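All values reported here derive from a predicted model rather than from experimental measurement.
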Amino acid sequence: MNNPSVDVVVIGSGIIGAMAAHYLQQDGRSVMMIERGEVSRGASSGNAGILAFPEIIPIAAPGTIWKAPKWLLDPLGPLSLPPSYALAMMPWLWRFWRAGARAAFNRTVAVNAKMMPLARSEMLRVIGRTGLEKMVSRTGTLDLYDSEESLFAASTDWEAKRNAGFEFNRIGRSEIDTLQPGLAPQFRHGIFTPDGLQVCDPYEFTKALVDHAISCGASLRIGEVTRIEPTASGARVALSDGAAFEAKTVVLAGGAWSKSVAASLGDYAPLETERGYNTTLPPGAFPLQRQLYFNDHGFVVTPLSSGIRVGGAVELGGLKLPPNYKRSEAMLKKAKAFLPTLQTEGGSQWMGFRPSMPDCLPVISPSSATPAVIYAFGHGHLGLTQSAATGRLVADLAAHRQPALPIEPFRIGRFR
């Protein structure tokens with residue numbers, strides 16, 4: 001029996017898949033999106049909604065791995081590794097440690113320093129041509145530190161951001177009170193980034209982009225992709241229900257579920273999941289003016305149209321372990337201590353899977369098996385932020401154009 005033939009299949013309807021579909025449509029391609037679950041309800045729905053373009057410093061940094069034992073002693077601290085998953089994480093942690101060596105770290109910072117300006121300019125173009133301007137606001141970003149010592153410890157990172165062209169100001173308590181009244185007295189040192197951008201709600205933003213693609217002719221199929229096979233004219237995409245599609249181009253943007261599908265093409269990706277937790281409190285729970293980063297505690301508080309979101313931290317637990325919502329509760333307890341008038345009742349908890357590579361760079365490249373398959377996954381904490389740049393690069397690769405950025409740092413084969 002012949003398989004239905006389509007032009008482009010995009011696997012995944014999260015923010016990366018949605019952006020890839022948009023950019024391919026801009027090139028006149030006809031797109032089918034395949035989603036394994038509810039549209040745009042994966043990691044793209046539960047992030048903080050921050051367009052974090054200045055965040056060029058990777059988590060894999062010199063000295064980070066040596067801090068991990070201290071963090072792990074606190075089961076509800078900024079990093080958790082359940083004992084039942086520790087052995088499975090060892091290969092990833094080994095590569096993470098290597099990525100934190102000074103030379104590798106410097107290379108990653110240099111890559112991000114080029115990626116983030118492209119991400120920003122392309123995001124602004126996308127929201128302009130899709131009519132989504134009202135879903136993005138310039139709130140500014142307030143980074144808060146417990147002490148002058150902790151701010152000083154971060155000074156090298158901030159200098160790297162300044163060298164990359166990002167503007168910010170160091171501020172004291174009086175400026176903090178003006179920018180965000182109601183903070184606990186301990187926060188006397190901070191950094192304010194006036195250009196900090198925020199989407200109104202990450203799910204609504206991603207869904208609006210998917211809806212725009214559909215209004216421009218894209219189709220949507222619900223199903224789980226199990227494998228991809230090269231063909232003479234492109235690639236064949238097989239689903240768990242027995243259906244299959246022939247396509248000239250396939251984009252794998254399946255987030256945390258991309259690893260096994262890439263493996264069906266013979267490509268190895270050391271992809272793991274940083275399980276993120278949050279609580280979204282009702283609107284009015286606190287008069288939040290802008291994004292707040294509590295840098296010494298590993299979580300953020302952000303204003304969304306759906307309420308106040310308190311989220312962050314990292315749990316290395318894979319795709320199968322049950323959620324540990326005590327982590328959400330621990331962050332909410334800290335948020336109440338830092339924002340004393342915060343009303344913590346009536347919130348909704350969430351856990352999602354951030355698809356993370358050990359060197360903190362995504363995979364954006366053709367498959368080693370065929371140029372007809374393009375990978376776009378593994379963005380970690382920066383999927384929303386880097387989504388438009390990724391969509392641009394995917395479209396460049398699909399059209400065999402010179403990519404807007406060198407893709408060598410993002411190649412699937414870099415871990416061989």
Side-chain angles (χ1 to χ4, degrees), residues 12 14-20 40 42-61 64 78 96 99-100 105 107-124 126-127 136 141 143 157 160-161 164-166 193 195-199 202-203 205-206 209 253-256 258 269 271-276 278 291 293 295 298-300 302 309 311-314 316 352-365 375-394 404-405 407 409-410:
I15 190 62
I16 302 298
M19 281 292 186
S40 305
S44 296
S45 71
N47 64 63
I50 300 172
L51 292 170
F53 301 118
E55 296 304 314
I56 64 172
I57 308 300
I59 299 172
T64 297
F96 180 84
F105 168 80
R107 286 194 296 270
T108 302
V109 172
V111 170
N112 282 336
K114 294 179 180 178
M115 177 67 153
M116 290 304 201
L118 178 69
R120 188 179 192 278
S121 62
E122 292 297 325
M123 179 63 78
L124 294 177
V126 170
I127 63 176
V136 180
T141 305
D143 285 77
D157 293 348
K161 294 177 185 182
F166 298 103
T193 305
D195 287 336
L197 296 175
Q198 173 84 36
V199 303
Y203 166 71
F205 182 79
T206 304
L209 198 57
S258 299
L271 181 70
E272 272 295 345
T273 58
E274 296 180 41
R275 293 146 58 100
N278 71 47
Q291 308 156 1
Y293 280 68
N295 287 283
F299 74 95
V300 299
T302 57
R309 181 159 291 172
V314 171
L316 303 171
F353 304 101
R354 304 183 189 107
S356 297
M357 302 296 287
D359 63 353
C360 303
L361 291 174
V363 175
I364 310 169
S365 86
Y375 297 135
F377 58 79
H379 293 73
H381 297 249
L382 297 170
L384 175 62
T385 299
Q386 296 180 339
S387 59
T390 301
R392 166 73 185 275
L393 292 172
V394 165
L405 292 176
I407 65 163
F410 309 115

Does some side-chain heavy atom of R354 sit less than 4.5 Å from a side-chain heavy atom of V314? yes
Check the pair L405 / R392 against side chain to side chain contact (heavy atoms under 4.5 Å, CB included), numbers first and verdict last. CA-CA 10 Å; L405 292 176; R392 166 73 185 275; over 6 Å; no
Verdict with supporting geometry, L209 and V126, side chain to side chain contact (heavy atoms under 4.5 Å, CB included): CA-CA 9 Å; L209 198 57; V126 170; 4.0 Å; yes
Y293 side chain near T141 side chain, heavy-atom distance below 4.5 Å: yes
Side-chain contact, heavy-atom cut-off 4.5 Å: V111 with F410? yes
Please step through side chain to side chain contact (heavy atoms under 4.5 Å, CB included) for the pair L271 and M357, ending with a clear verdict. CA-CA 5 Å; L271 181 70; M357 302 296 287; 3.8 Å; yes
Per-pair distances, 0.1 Å, donor-acceptor, side chain in residues 43-61, under 3.5 Å, sequence neighbours excluded:
residue : atom : partner : partner atom : Å
S44     : OG   : I15     : N            : 2.8
S45     : OG   : R41     : O            : 3.3
S45     : OG   : G42     : O            : 2.9
N47     : OD1  : G49     : N            : 2.7
N47     : ND2  : S44     : O            : 3.1
E55     : OE2  : K161    : NZ           : 3.3

Once rounded to the nearest 0.5 Å, what's the spacing between atom OG1 of T390 and atom CG of L382? 10.0 Å
Any chance you could measure Q291, atom CD, to R309, atom CZ, to the nearest 0.5 Å? 13.0 Å
To check you understand the geometry: which heavy-atom pair defines the closest contact between P355 and A256, and what is its length? CB-N, 3.4 Å
Closest approach of S40 to T206 (non-hydrogen atoms, all atoms of both residues): OG-CG2, 3.4 Å
Closest approach of A253 to S258 (non-hydrogen atoms, all atoms of both residues): C-OG, 4.2 Å
Would you indicate whether the side-chain heavy atoms of V109 and D157 approach each other to under 4.5 Å? no
In Å, rounded to the nearest 0.5 Å, how long is the span from CD of E274 to CG of L316? 6.0 Å
Closest heavy-atom pair and its distance - K114, P117: O-CD, 3.5 Å
Quick one: pull up CG in L361 and OG1 in T108 and give me the separation to the nearest 0.5 Å. 4.5 Å
Nearest-0.5 Å distance that lies between atom CD in Q386 and atom NE2 in H381: 12.0 Å
Taken to the nearest 0.5 Å, the spacing of I127 CD1 from L197 CG works out to 7.5 Å
